[in-house]
S.K.: 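I have a structure here, written as structure tokens, and I will follow up with some questions on it.
Whatever order the structure lists them in is the order used to number ligands and atoms, beginning at 1.
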Amino acid sequence: MRYVSTRGQSPAVSLSEAVERGLAPDGGLYVPETFPTIAPETLDGAESLADVAGRVLAPFFAGDALAPALRDICREAFAFPVPLRELRDGTAVLELFHGPTAAFKDVGARFLAALMSRLGGRDARPLTILVATSGDTGGAVAAAFHGRPGVEVAVLFPAGMVSPRQEKQLTAWGGNVRAFAVRGASDDCQRLVKAAMADPELRAARRLSSANSINVGRLLPQMAYYAWASREYVRRHGAEPGFVIPSGNLGNAAAALWARRAGLPVREVVMATNANPAVTAFAAGAPWAAHPTVATLATAMDVGDPSNMERIFHLFGGHEPARRALRAERVDDGEIRRVIREGPAGWGTVWDPHTATAVAARERLGGGDWIVVATAHPAKFEGVVEPLVGHEVAVPPELRRLLGRPSHAEPLEPTLDAFRAALGSQESAES
Ligand SMILES: *Cc1c(COP(=O)(O)O)cnc(C)c1O
């Protein structure tokens with residue numbers, strides 16, 4: 001399998017190269033050159049999620065240097081449960097939040113870590129992953145790379161601008177994961193990472209890579225849980241499910257559409273967004289356009305210009321065919337609050353603000369055989385959730401362990417000189 005750029009101006013590359021580069025040289029995103037058809041029998045005898053992932057992803061690894069490691073990579077990445085829980089009214093919920101940082105990004109981050117730590121080959125320079133984060137992604141990446149030999153991670157976050165629990169998820173690691181509290185805003189963190197990636201001095205000393213959500217190595221493993229859950233649903237109910245997905249940058253939705261294209265029993269994909277209007281405005285007939293980002297209760301979905309839309313356009317072969325295929329529902333903060341408030345009585349469940357958008361969308365959709373995708377544990381967003389449901393939300397064990405660890409954050413001025421010096425300091429301390 002080769003990977004091509006959505007913009008069509010870069011050569012096709014191997015999976016390893018696509019993962020190492022992140023972004024294609026023409027500025028596009030890597031996508032598989034073709035989609036194999038995965039017949040239902042392909043999954044016969046594969047019961048665990050890790051085994052299903054190995055079968056589903058085999059054609060996407062075909063011919064790559066990493067193909068022989070796929071089984072091990074899947075075992076490392078899919079090491080936590082992904083339960084499909086039945087609710088009522090032809091609705092089930094796929095819980096993707098049982099990983100180390102209690103959000104679905106753990107899946108993609110762990111898979112990417114397992115891939116990247118095997119990429120080095122004969123290159124003696126250490127691999128350094130740079131992540132600028134304003135919340136969830138940095139924690140998932142830090143957790144995924146923590147303790148991996150030969151890899152260092154630098155997480156940059158805006159000092160004082162993330163919630164206390166989020167900050168803990170960024171700073172509780174130590175060892176090969178360093179957290180930098182940047183004196184500035186989230187944009188300053190992004191800018192520093194970009195400047196560092198382009199800095200000849202740093203590049204000579206280390207292999208720099210970023211683990212942001214546009215890396216194809218984060219999207220591929222997300223197909224695996226759609227394969228697993230749709231087969232499970234068909235076994236239980238004899239009908240193909242549609243998925244309702246809380247969507248921001250559209251990586252999770254793109255993976256579901258890929259799974260559907262590969263012939264897996266996914267009836268339909270519905271994107272649930274918060275008040276950010278890019279997707280629903282387009283679905284309703286407007287030209288595709290970036291919008292200013294709107295701050296909402298579902299913060300990890302506050303995206304004004306969802307980058308994975310480019311992959312979706314590529315998949316359908318243009319804007320008009322994509323528009324005809326898309327289904328999206330926009331959910332404002334008032335409705336998020338209502339769904340969270342009514343969750344315990346109505347669905348027997350405490351929802352987090354992200355999953356609540358999908359529940360609201362499901363309530364609007366008719367019919368049955370819907371799987372709501374739950375992307376985060378409500379205890380991550382206790383400040384929003386607890387006042388609405390009127391009681392404390394129990395913290396899951398993985399998250400509790402993390403919250404009990406000491407924090408390490410190094411203050412950092414928002415300049416490349418300061419960042420270069422800080423990165424170099426550890427090297428000399430270790431040698
Ligand atoms: C990142 C995130 C989303 C959005 O996922 P995309 O793949 O960017 O659409 C939804 N929910 C939670 C909790 C997230 O962290």
S.K.: Between Thr349 and Arg85, do the side chains contain an N or O donor and an N or O acceptor separated by less than 3.5 Å?
M.R.: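 Short answer, yes.
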
S.K.: How far is atom 4 (C) of ligand 1 from its nearest protein heavy atom, and which residue and atom is that?
M.R.: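 The protein heavy atom lying closest is Gly248 N, 3.6 Å.
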
S.K.: So for ligand 1, is Leu250 a polar contact partner (N or O within less than 3.5 Å, distance only)?
M.R.: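 Yes; at least one N/O pair falls below 3.5 Å.
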
S.K.: Within ligand 1, which atoms have a heavy atom of Ser247 less than 4.0 Å away?
M.R.: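 That gives atoms 9 (O) of ligand 1.
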
S.K.: Would Arg323 pass as a cation-pi partner of Trp288, given that its NZ or CZ must be under 6.0 Å from the six-membered ring centre and within 45 degrees of the axis?
M.R.: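 Here Arg323 fails the 6.0 Å and 45° test against Trp288.
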
S.K.: Please determine if Arg260 forms a cation-pi arrangement with Tyr226, meaning its NZ or CZ atom is less than 6.0 Å from the six-membered ring centre and no more than 45° off the ring axis.
M.R.: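 No, cation not above the ring by the 6.0 Å, 45° rule.
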
S.K.: Is any side-chain heavy atom of Arg21 less than 4.5 Å from a side-chain heavy atom of Tyr30?
M.R.: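 Side-chain contact under 4.5 Å: yes.
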
S.K.: Which option, His354, Lys105, Met301, Lys380, owns the non-hydrogen atom nearest atom 15 (O) of ligand 1?
M.R.: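 Answer by nearest heavy atom: Lys105.
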
S.K.: Considering only the protein, which heavy-atom contact is closest to atom 11 (N) of ligand 1, and what is its distance?
M.R.: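 Protein heavy atom with the smallest distance to atom 11 (N) of ligand 1: Thr375 OG1, 2.8 Å.
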
S.K.: Under 3.5 Å, is there a donor-acceptor pair linking the side chains of Glu310 and Thr6?
M.R.: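 Indeed, the side chains of Glu310 and Thr6 share at least one donor-acceptor pair under 3.5 Å.
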
S.K.: Please list the nearest protein heavy atom to atom 7 (O) of ligand 1 with its residue and the distance rounded to 0.1 Å.
M.R.: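 In this structure, atom 7 (O) of ligand 1 has Asn252 N, 2.9 Å as its nearest protein heavy atom.
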
S.K.: Can a side-chain donor-acceptor contact be found between Thr293 and Asp302 if the only test is distance below 3.5 angstrom?
M.R.: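 No.
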
S.K.: Taking distance alone, with no angle check, do Gly251 and ligand 1 share an N/O pair under 3.5 Å?
M.R.: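 Yes, since at least one N or O of Gly251 sits under 3.5 Å from an N or O of ligand 1.
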
S.K.: Would you please determine whether Ala253 falls within less than 4.0 Å of ligand 1 on a heavy-atom basis?
M.R.: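 No; Ala253 lies far enough from ligand 1 that no heavy-atom distance drops under 4.0 Å.
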
S.K.: Quiz question: by atom type and distance under 3.5 Å, do the side chains of Arg55 and Thr42 form a donor-acceptor pair?
M.R.: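 Distance-only check fails for Arg55 and Thr42.
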
S.K.: Tell me, which protein residue and heavy-atom name are nearest atom 8 (O) of ligand 1, and how many Å apart are they?
M.R.: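 Checking every protein heavy atom, the shortest distance to atom 8 (O) of ligand 1 gives Asn249 N, 2.9 Å.
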
S.K.: Does a side chain donor of either His377 or Glu398 reach within less than 3.5 Å of an acceptor in the other side chain?
M.R.: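 Short answer, no.
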
S.K.: For atom 3 (C) of ligand 1, what's the nearest protein heavy-atom neighbour? Residue, atom name and distance, please.
M.R.: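 Looking at atom 3 (C) of ligand 1, the protein heavy atom closest to it is Phe104 CE2, 3.6 Å.
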
S.K.: What are the atoms of ligand 1, with element, lying closer than 4.0 Å to any heavy atom of Ala376?
M.R.: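 Those of ligand 1 that fall under 4.0 Å from Ala376 are 13 (C).
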
S.K.: For Pro246, counting its heavy atoms only, list the atoms of ligand 1 lying under 4.0 Å from any of them.
M.R.: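 With Pro246 as reference, the close atoms of ligand 1 come out as 4 (C), 10 (C).
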
